[in-house]
Undergrad: 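Shown below is the structure under consideration.
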Amino acid sequence: MAHHQRNQLLDGIAIPEKRYQTNLSGMPFMKRNSTRFPFSAQRFWLAGTFALAALAFSGCGQKKSTSTAEPSTPLPEVQVTHVRQGAIQQTVQLNATAVFRRQHVLKSPVTGYVVKSFAEPGQMVQKGDPVFVIETKESRALGNSLDSLNRKLGLSGRMTIRASVSGYVAAISHQTGDFVPEGEPLATLNDRNSMVFILNVPVEWPTIIHNGMQLPVRLPDGRTLTGVVTETLPSVDQAAQTRQVIIRVQKAGVVPEGLIAKVSLAQSENENTQVLPKAAVLANETETNFWVMKLTEKETAVKVPVTTGIQTADSVEILTPTFRPSDEILTTGNYGVPDTLNVKVIR
């Protein structure tokens with residue numbers, strides 16, 4: 001009875017079926033039915049997997065970019081200056097040639113022979129120094145007999161030619177042993193006191209130079225002499241269209257004839273004007289537009305167009321605009337930069 005009732009109860013309960021199989025060793029094992037997930041759960045699982053992968057990839061990329069980031073570019077170092085208020089002068093350089101305006105020619109007073117020559121070309125002689133000794137032709141023709149007669153009479157058949165001025169021997173026309181007739185030139189002396197510089201000035205500059213004007217005369221050896229304009233010759237070179245101006249210098253020392261010196265003349269001059277160093281003013285290739293780089297803030301420089309006036313070897317006159325004395329203008333690091341530039345000022 002009890003067994004029958006138990007079978008009835010079991011008949012009403014669904015018991016999952018177990019299937020057993022034997023493995024190679026003969027031991028039974030259970031093969032379970034595989035579990036299947038709904039489609040929505042599969043999508044959720046895939047989405048989560050991709051999200052985790054994306055986070056991991058982004059983290060690795062961020063770490064790599066941080067490790068390979070380049071350091072910031074340093075600011076260009078510049079130096080600055082201020083506008084100077086003062087005078088500026090535009091000059092022009094011309095060549096001046098040293099010449100001796102007076103030359104003295106030593107001549108033989110008698111006909112005879114040169115028996116001694118004391119001077120050489122270029123030698124400096126003082127007034128009264130012996131330059132030549134001339135023996136007359138009569139003294140040489142009579143020989144010893146005339147010498148004994150001259151000794152008795154206190155005469156001599158030789159004459160000494162002395163320098164008439166202090167100066168340089170420019171040329172020697174005869175040497176020892178030469179026969180010279182009376183009045184024959186023996187040598188040419190340049191009067192040292194007549195040394196001047198001749199400056200050729202273009203005729204289109206009539207007011208650039210005047211008598212009494214002091215000018216610096218620079219010699220090739222580095223010496224600078226102070227010259228004074230003494231006169232302007234009343235003639236014009238037809239080919240060059242220049243006038244000859246005489247400049248006399250004091251204490252010139254030894255200056256050979258033909259030496260070329262440099263003389264600076266002022267063409268124009270402005271006083272109480274704005275002046276900047278030439279390195280601070282920039283220009284285009286045709287030099288028609290000019291500008292400067294001015295600091296507007298602590299580390300910012302901007303391009304400011306300017307109008308220039310007189311220009312010298314190291315300075316430029318600024319006509320416009322008007323800068324303040326406190327304005328800072330770049331002198332270095334300003335070439336080939338944009339209109340606005342961040343800089344680092346080196347004080």
Side-chain angles (χ1 to χ4, degrees), residues 74-96 199-210 213-218 222 224 226-227 229 240-243 245 247 260-347:
L75 297 177
E77 297 181 349
V78 300
Q79 292 180 334
V80 296
T81 187
H82 299 277
V83 178
R84 175 177 63 87
Q85 201 77 16
I88 187 171
Q89 186 181 75
Q90 186 173 13
T91 61
V92 61
Q93 278 194 348
L94 299 177
N95 292 335
L199 182 68
N200 294 313
V201 180
V203 295
E204 59 265 23
W205 298 341
T207 60
I208 197 174
I209 196 168
H210 55 81
M213 185 177 182
Q214 290 190 352
L215 297 173
V217 180
R218 287 187 290 274
T224 300
T226 300
V229 178
Q241 288 296 293
T242 56
R243 299 176 300 162
V245 176
I247 301 176
I260 296 178
K262 298 290 185 180
V263 177
S264 297
L265 297 176
Q267 283 186 302
S268 57
E269 182 178 5
N270 290 335
E271 297 181 355
N272 195 23
T273 186
Q274 297 183 116
V275 180
L276 275 174
K278 199 165 188 177
V281 182
L282 305 172
N284 58 358
E285 294 181 356
T286 58
E287 295 190 355
T288 54
N289 297 324
F290 299 88
W291 66 90
V292 299
M293 298 297 293
K294 185 182 78 169
L295 284 181
T296 57
E297 298 177 2
K298 184 178 180 181
E299 293 183 347
T300 303
V302 297
K303 177 180 178 181
V304 178
V306 297
T307 304
T308 60
I310 296 176
Q311 298 188 27
T312 65
D314 55 1
S315 301
V316 178
E317 179 187 16
I318 305 298
L319 301 178
T320 59
T322 301
F323 292 101
R324 295 175 300 178
S326 60
D327 288 340
E328 294 182 318
I329 310 297
L330 270 64
T331 56
T332 62
N334 55 353
Y335 181 76
V337 298
D339 295 350
T340 302
L341 178 68
N342 293 329
V343 297
K344 179 181 178 182
V345 180
I346 304 300
R347 302 293 181 179

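For clarity, every value in this text was computed on a predicted model and none was experimentally measured. Counting begins at 1 with the first residue of the sequence. Below, each value reflects all heavy atoms present in this structure, side chains not excepted, and no hydrogens, waters or symmetry copies.
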Undergrad: So Phe323 and Val306, do their side chains get closer than 4.5 Å, heavy atoms only?
TA: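 SC-SC contact between Val306 and Phe323 confirmed.
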
Undergrad: Return the NZ to CG distance between Lys278 and Asp314, rounded to the nearest 0.5 Å.
TA: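 Lys278 NZ to Asp314 CG: 8.5 Å, rounded to 0.5 Å.
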
Undergrad: Taking Ile329's backbone N and O only, do any of them form a donor-acceptor pair with His82's side chain (distance below 3.5 Å, no angle check)?
TA: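 The answer is no, because no donor-acceptor pair under 3.5 Å joins these two groups.
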
Undergrad: Less than 4.5 Å apart, side chain to side chain, heavy atoms only: is that true for Gln274 and Thr322?
TA: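 Side-chain contact under 4.5 Å: yes.
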
Undergrad: Within a reach of under 6.0 Å around NZ of Lys344, are more than 12 heavy atoms found that belong to other residues, nucleotides or ligands?
TA: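 Atom NZ in Lys344 is not packed in, count stays at 12 or less.
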
Undergrad: To the closest 0.5 Å, what do you measure between CD1 (Ile260) and CG (Asn95)?
TA: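 Those atoms lie 5.5 Å apart.
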
Undergrad: Main chain of Val275, side chain of Ser315: is a donor-acceptor contact present, judged purely on distance under 3.5 Å?
TA: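 Not a single qualifying donor-acceptor pair exists.
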
Undergrad: Within a reach of under 6.0 Å around CD of Glu287, are more than 12 heavy atoms found that belong to other residues, nucleotides or ligands?
TA: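 No.
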
Undergrad: Got a donor-acceptor contact below 3.5 angstrom from the Asn284 side chain to the Asn289 backbone?
TA: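 Side chain of Asn284 to backbone of Asn289: a pair is present.
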
Undergrad: May I ask you to test the Gln267-Ile208 pair for a side-chain heavy-atom distance under 4.5 Å?
TA: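 Yes, side chains in contact.
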
Undergrad: Compare all side-chain heavy atoms of Ile346 with those of Thr332 and state whether any distance is below 4.5 angstrom.
TA: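 Counting from C-beta outward, Ile346 and Thr332 never come under 4.5 Å.
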
Undergrad: Just wondering, do Gln90 and Glu269 contact through their side chains at under 4.5 Å, heavy atoms?
TA: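 Counting from C-beta outward, Glu269 and Gln90 never come under 4.5 Å.
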
Undergrad: For the CG atom of Asn270 and the CD atom of Glu317, what is their distance to the nearest 0.5 Å?
TA: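 Asn270 atom CG to Glu317 atom CD measures 4.5 Å (nearest 0.5 Å).
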
Undergrad: Measure the shortest side-chain to side-chain distance between Asp327 and Val83 over non-hydrogen atoms and say whether it is less than 4.5 angstrom.
TA: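 No; the side chains remain at least 4.5 Å from each other.
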
Undergrad: Quick one, Val281 with Gln311, criterion side chain to side chain contact (heavy atoms under 4.5 Å, CB included). Give me CA distance, side-chain angles, the key distance, then yes/no.
TA: CA-CA 11 Å; Val281 182; Gln311 298 188 27; over 6 Å; no

Undergrad: Nearest 0.5 Å please: distance from the CZ atom of Phe290 over to the CG atom of Leu276.
TA: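 Separation between the atoms: 13.0 Å.
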
Undergrad: Taking the side chain as C-beta and beyond, is there a heavy-atom pair between Leu199 and Leu265 under 4.5 Å?
TA: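 Yes, at least one pair of side-chain atoms sits under 4.5 Å.
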
Undergrad: Would Gln93 and Thr91 count as a side chain to side chain contact (heavy atoms under 4.5 Å, CB included) here? Give the steps.
TA: CA-CA 7 Å; Gln93 278 194 348; Thr91 61; 5.9 Å; no

Undergrad: Quick one: does Gln85's side chain get under 4.5 Å of Asn272's, heavy atoms only?
TA: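 Yes, their side chains come closer than 4.5 Å.
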
Undergrad: If you draw a 6.0 Å radius around CD in Glu271, do more than 12 non-hydrogen atoms from other residues or ligands fall strictly inside?
TA: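 12 or below, so no.
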
Undergrad: Less than 3.5 Å apart, which donor and acceptor atoms pair up between the side chains of residues 333-342 and the rest of the protein, not counting sequence neighbours?
TA:
from, atom 1, to, atom 2, distance (Å)
Asn334, ND2, Ala279, O, 3.3
Asn334, ND2, Leu330, O, 3.2
Asn342, OD1, Thr300, OG1, 3.4

